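The structure appears right after this line, and notes come after that.
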There are 2 protein chains.
Amino acid sequence: MLSIGEFSKISHLTLKTLRYYDEIGLLKPAFTDAKSGYRYYNISQLETALLISRLKTYLFSLDEIKVILINWHDTDLFQVKMKTKQENLTQQITIYSSLLKKLELDIQLLEEEKNIMGYLDQIDIKLVDHLTFNILSQRKQINISDFLIHFNELFSKVVFEKLTPTAKPLAIFHSAEYVPENYDVEIAIPIVEAINETKVFNPGICAMATLIGSYDELPSIHTKLHAWIEENHYKLNGTPFEVYQTDPHTTLEEHNIIEIYFPIK
Amino acid sequence: MLSIGEFSKISHLTLKTLRYYDEIGLLKPAFTDAKSGYRYYNISQLETALLISRLKTYLFSLDEIKVILINWHDTDLFQVKMKTKQENLTQQITIYSSLLKKLELDIQLLEEEKNIMGYLDQIDIKLVDHLTFNILSQRKQINISDFLIHFNELFSKVVFEKLTPTAKPLAIFHSAEYVPENYDVEIAIPIVEAINETKVFNPGICAMATLIGSYDELPSIHTKLHAWIEENHYKLNGTPFEVYQTDPHTTLEEHNIIEIYFPIK
DNA sequence: TATAGAGTCTCCTGTTAGGGTAAGGTCAAT
DNA sequence: ATTGACCTTACCCTAACAGGAGACTCTATA
């Protein structure tokens, strides 16, 4: 039997950590003195401690580790979990690498004594008098990550009802605030026919900017548009909408072209 | 002036986030109605919000971002911080990559239906009757990461006092528990001369295992040694110590050879 | 056997960056 | 005047512990 201090010394887990693992039921001492509350571990528990430490380095959460320990006989489960972690780690590395690239671009800008927010000045804003469309649309509260799924629904409707698209698809944003899991959005396709499910979309005069690349730059575009509207003494007049010039199914994210429109007066 | 909801929609920061940033003083609304408590932002603050979001993706903490914003005129400071982050990210990526490699090795073991903790069985333990040494030593509470620094101090003492080393340097661990920042360790060098600063080190009979590679495997070695001592009905008799067979200054981490000794009876 | 000092106990608070929810006040349009 | 959308504060919750206080227990020595 090892006291908690001895166990700590051997396993290289701190006292705090061991007590915490006891509390959450991850690694309970083999024996706890009911009177004094002293914890006593046996030697074989050191191996469990080692396993926990190892899984921790692989970025498993303690909850995940607990599940693995409880089902330690189930090697298949363990293998699956390990492979999932492998994918997670690989993904993390790619994410970090692309972050690093962007960061290095910014550092380069700084070294050339340019403004790091300078890319904002390169966003070009045009005043357009948007056309009137006959649209087939669907307004829903959706999770932004399911965006494409809902669009596909609408696409299939166009096909099955044999309607004739007349311009690129668009999305109208009704959401008052930004909550990614619950976006109030109306997806629409301009079509030739006027059936009872279609309606007329006529935003009037608009400020427009073009987004090329990742959706992450959307707040920049919005910022720029708002600043422009204020500078030019216009006022927002209706809900913003976006027109998708490229097909997200076949276009790489960095080549996406999306036009952002703000109706103004 | 933008209400918090409008500002949220444009900046893609949630209401909670904006209120939190107000609370911690990272991004305070340009105007707060004293009566109603309503927050109002102006358009130019959108750009600050964008900057914050961007720095967040680079893994700056909100505290760090705050410092950057406060000293926004100080481009040198910003550049330094950015370069530090760049290093951090690069390091993270190398760490993750080496983790991934280890994880993949483990997965391979699993696929060969071997025990993932099997490496423990390959640790070889020998019973040795350790020699008696005359040692020059220094016992201190140190941070484990400063280990080498303290060793170098002792080395220089050997040189300046013109003493004659007679065996590899060693470290004796007195710490009762594991607290990396506060390790009670005695570093020592066996020498020929017996001066008044030296003492005799005579651990007696010991169980010994050899660690090759990273220090991370130390808990495994300790675990194995303790299990071995129990199995063979010995008892610990004194404080463990380590002998450094390779020079950490000139040896790659993965080629380090360290002998771990547990005095027993 | 008494005692000192090392070891251990529980309990409480703090950390990051907000999320969730409740109860209530405010704004703008009808 | 009312309604419904919008906004407010306040409280509790997250993961994986760290730090510290105050009290209890164990063990080695005198």
Side-chain angles (χ1 to χ4, degrees), chain A residues 1-9 11-29 31-41 49 52-53 55-67 141 143 174-182 184 235-236 239, chain B residues 1-9 11-29 31-41 49 52-53 55-66 141 143 174-182 184 236-239:
Chain A
M1 287 274 128
L2 300 166
S3 73
I4 193 169
E6 294 167 323
F7 195 84
S8 158
K9 207 162 98 176
S11 66
H12 282 203
L13 296 170
T14 68
L15 296 181
K16 282 282 176 193
T17 303
L18 287 173
R19 294 201 188 100
Y20 181 62
Y21 288 178
D22 181 7
E23 190 190 328
I24 64 170
L26 180 61
L27 180 60
K28 285 200 167 297
F31 167 70
T32 307
D33 188 320
K35 197 165 106 276
S36 68
Y38 274 38
R39 295 169 177 84
Y40 296 95
Y41 299 81
I52 292 173
S53 299
L55 294 181
K56 260 206 305 181
T57 65
Y58 295 155
L59 304 184
F60 281 96
S61 74
L62 297 188
D63 268 348
E64 291 173 311
I65 296 177
K66 205 167 153 185
V67 171
Q141 311 266 47
N143 186 317
H174 297 278
S175 256
E177 52 168 300
Y178 175 67
V179 182
E181 309 83 52
N182 196 11
D184 182 358
K235 287 222 157 189
L236 260 179
T239 48
Chain B
M1 288 273 127
L2 300 166
S3 72
I4 192 168
E6 294 167 323
F7 195 84
S8 158
K9 206 162 99 177
S11 65
H12 283 202
L13 296 169
T14 69
L15 297 180
K16 275 284 176 190
T17 303
L18 287 172
R19 294 202 188 102
Y20 181 62
Y21 288 178
D22 180 8
E23 188 190 329
I24 64 170
L26 179 61
L27 179 60
K28 285 199 168 299
F31 167 69
T32 307
D33 188 319
K35 196 165 106 281
S36 69
Y38 274 37
R39 295 169 177 83
Y40 297 95
Y41 299 82
I52 291 173
S53 299
L55 294 181
K56 260 206 306 182
T57 66
Y58 295 156
L59 306 184
F60 281 95
S61 74
L62 297 187
D63 266 349
E64 290 174 310
I65 296 177
K66 204 166 153 186
Q141 310 266 48
N143 186 318
H174 297 279
S175 256
E177 52 168 301
Y178 176 66
V179 183
E181 309 82 53
N182 197 10
D184 181 358
L236 260 178
N237 179 33
T239 48

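Chain naming here is simple, since letters A, B, ... match the order of the sequence lines and numbering starts at 1 in each. Note that the coordinates shown come from a computational prediction; the quantities given were computed from them, not determined experimentally. Because only heavy atoms are used, hydrogens play no part in the values below, and waters and symmetry mates are left out as well, while side chains stay in.
By the 4.5 Å heavy-atom criterion applied to side chains, B/Pro29 and B/Ile4 are not counted as neighbours. The closest side-chain heavy-atom distance from B/Phe7 to B/Leu27 is below 4.5 Å. Within the 4.5 Å cutoff, the side chain of B/Arg39 has heavy atoms near those of the B/Asp22 side chain. Looking only at side-chain heavy atoms (C-beta outward), A/Thr14 and A/Arg19 stay at 4.5 Å or farther from each other.
The side chain of A/Lys56 contributes an N or O atom lying less than 4.0 Å from OP1 or OP2 of D/dC17. Between A/Thr17 and D/dA16 there is no side-chain polar atom (N or O) within less than 4.0 angstrom of OP1 or OP2. Close to D/dC26, at under 4.0 Å from its OP1 or OP2, lies no side-chain N or O of A/Ser3. Considering only side-chain N and O atoms, A/Lys16 lies nowhere under 4.0 angstrom from the phosphate OP1 or OP2 of C/dT15. Between C/dG18 and B/Tyr21, a contact under 4.0 Å exists linking OP1 or OP2 to a side-chain N or O.
In this structure, A/Phe31 places its CZ atom 15 Å from P of C/dT8, rounding to the nearest Å. To the nearest angstrom, C1' of C/dG18 lies 12 Å from CG of B/Leu18. Rounded to an integer number of Å, the gap from CE of B/Met1 to P of C/dA28 is 14 Å. Here the P atom of nucleotide C/dA17 and the NZ atom of B/Lys66 are 11 Å apart, to the nearest Å. For the pair A/Phe7 CZ and C/dT8 C1', the interatomic distance rounds to 16 Å; values are reported in whole Å. What separates NZ of A/Lys9 from P of C/dG7 is a distance of 9 Å, to the nearest Å. Distance CG (A/Leu15) to P (C/dA6): 15 Å, rounded to an integer number of Å. As a whole-Å value, the separation of B/Ile52 CD1 from C/dA17 C1' is 13 Å.
The CD1 atom of A/Ile24 sits 7.0 Å away from the CG atom of A/Asp63 when rounded to the nearest 0.5 Å. To the nearest 0.5 Å, the span separating OH on A/Tyr38 from CG on A/Asp33 amounts to 9.5 Å.
A heavy-atom distance below 4.0 Å to DNA chain C is reached by these residues of residues 34-41 of chain A, ordered by number: A/Ser36, A/Gly37, A/Tyr38, A/Arg39.
Distances were taken from every side-chain heavy atom of B/Arg19 (C-beta onward) to each of D/dC26, D/dT8, D/dA16; the shortest belongs to D/dT8.
In terms of position along DNA chain C, the nucleotide closest to B/Ser61 lies nearer the 5' end than the nucleotide closest to the other residue of the pair B/Ser61 and B/Asp33.
Residues satisfying the salt bridge (Lys or Arg N to Asp or Glu O under 4.0 Å) criterion with B/Lys16, sequence neighbours excluded, are absent altogether.
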